[in-house]
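A quick write-up on the structure given underneath.
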Amino acid sequence: MIPSVPTVPEERAPGPRPGPDAGPPRIPGGRLPGHVAVVLDGNGRWASGRGLPRTEGHRAGAKAVLDTVEGALQLGLRHLSLFAFSTENWRRDPAEVGEVLRLINGFATDHGDWLHGRGVRVTWSGGRGRMGARLLGDLDELQTRTAANTALEMTVWLDYGARDELWRAARELARQSAEGRLDPADIDAPTFARQLYRPDLPDVDLFIRTSGEQRLSNFLLWQSAYAELLFTETLWPDFGRHDLWAAAVAYSRRERRFGGH
Ligand code: IPE
Ligand code: MG
């Protein structure tokens with residue numbers, strides 16, 4: 001039986017939220033989302049609402065990641081994708097960009113042991129060209145160290161944009177065709193998907209965005225073709241395991257049809 005946790009965050013019943021000791025909801029295996037993707041949004045607004053610099057919002061956002069990962073582990077999720085830094089985020093003030101990348105680096109080094117100890121396989125995907133050598137090295141180290149873990153796969157998407165990923169895939173197929181290695185007539189959806197950054201990941205089942213914005217913002221567009229969308233007013237630094245659980249319960253009650261009927 002599914003316990004009575006609120007269905008979707010925006011429909012949250014008045015009254016206290018589940019206490020800190022409330023465990024994860026019991027969702028039948030077949031109704032659990034296999035791959036949850038999250039657009040982490042609202043760090044800046046969280047900080048300015050408190051009269052703090054935006055960077056403090058990012059710092060609080062890193063803590064929210066830890067609680068969300070713990071929630072994912074307790075729930076038994078297989079895949080969690082986090083949109084940590086987009087191809088468009090480079091347009092921000094360089095000081096903010098530097099601080100966000102430093103925080104991501106600090107997250108990997110400070111919490112690597114915890115993630116590894118909890119059996120989390122950490123991978124990261126996106127462009128590599130614009131990242132500093134230290135960040136690349138530390139992320140690669142964590143990825144290698146946790147490669148055999150199986151409790152949860154957490155994919156951190158960095159310098160990622162779906163359009164980038166898609167045109168790169170198209171370019172690679174065009175190259176193979178031009179070189180005579182691929183017949184264009186053989187290009188179909190599975191062939192195309194094999195050129196994406198992470199052909200090993202399953203499609204997104206549940207796509208969550210925080211902070212009240214209702215946009216996909218160029219995150220995993222191909223992989224989310226049939227994803228259930230869930231938008232919550234909660235700002236990312238306030239998000240945590242209970243919000244993830246509420247989202248999973250809402251997902252478990254939806255009827256997915258994949259266009260079939
Ligand atoms: C998300 O929070 C964090 C990153 C994209 C790195 P924002 O920084 O976008 O926060 P808002 O949208 O300005 O509140
Ligand atoms: Mg934002």
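Read the numbers this way: they start at 1 and go in the same order the structure lists the ligands and their atoms.
- Both Val120 and Trp114 are assigned to one and the same hydrophobic cluster, defined by single-linkage of ILVMFWY side chains at heavy-atom distances under 4.5 Å.
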For ligand 1, output the ligand-protein N/O contacts shorter than 3.5 angstrom; if there are none, return none.
from, atom 1, to, atom 2, distance (Å)
ligand 1, 2 (O), Gly42, N, 3.4
ligand 1, 2 (O), Asn43, N, 3.1
ligand 1, 8 (O), Arg54, NH2, 2.9
ligand 1, 8 (O), Arg92, NH1, 2.7
ligand 1, 9 (O), Asp41, OD1, 3.0
ligand 1, 9 (O), Arg92, NH2, 2.9
ligand 1, 10 (O), Gly42, N, 3.4
ligand 1, 10 (O), Asn43, N, 3.1
ligand 1, 10 (O), Gly44, N, 2.9
ligand 1, 12 (O), Asp41, OD1, 2.8
ligand 1, 12 (O), Arg45, NH2, 2.9
ligand 1, 13 (O), Arg54, NH1, 3.1
ligand 1, 13 (O), Arg54, NH2, 3.1
ligand 1, 14 (O), Gly44, N, 3.3
ligand 1, 14 (O), Arg45, N, 2.7
ligand 1, 14 (O), Arg45, NE, 2.8

Asp203/His35 under side-chain hydrogen bond (donor to acceptor under 3.5 Å, both in side chains): CA gap, chis, key distance, verdict: CA-CA 7 Å; Asp203 277 355; His35 185 179; over 6 Å; no
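- Between Arg118 and Glu70, at least one side-chain nitrogen of the basic residue sits less than 4.0 Å from a carboxylate oxygen of the acidic one, meeting the salt-bridge criterion.
- Shown are the protein N/O/S atoms under 2.8 Å from the Mg ion (ligand 2), given by residue and atom: Asp41 OD1.
- One finds no salt bridge joining Lys63 and Asp67 here, because no Lys/Arg side-chain nitrogen approaches an Asp/Glu carboxylate oxygen to under 4.0 Å.
- Using a 4.0 Å cut-off between a side-chain N of Lys or Arg and a carboxylate O of Asp or Glu, Arg31 and Asp205 do not qualify as a salt bridge.
- Glu99 and Arg102 are joined by a salt bridge, as a carboxylate oxygen and a charged side-chain nitrogen come within less than 4.0 angstrom of each other.
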Derivation and outcome, side-chain hydrogen bond (donor to acceptor under 3.5 Å, both in side chains), residues Arg198 and Ser81: CA-CA 11 Å; Arg198 296 297 303 280; Ser81 276; over 6 Å; no
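- A donor-acceptor pair is defined here as one N or O able to donate and one able to accept, closer than 3.5 Å; such a pair exists between the side chain of Trp245 and the backbone of Gly71.
- Residues Asp140 and Trp124 have side chains that bring a donor and an acceptor to within less than 3.5 angstrom of each other.
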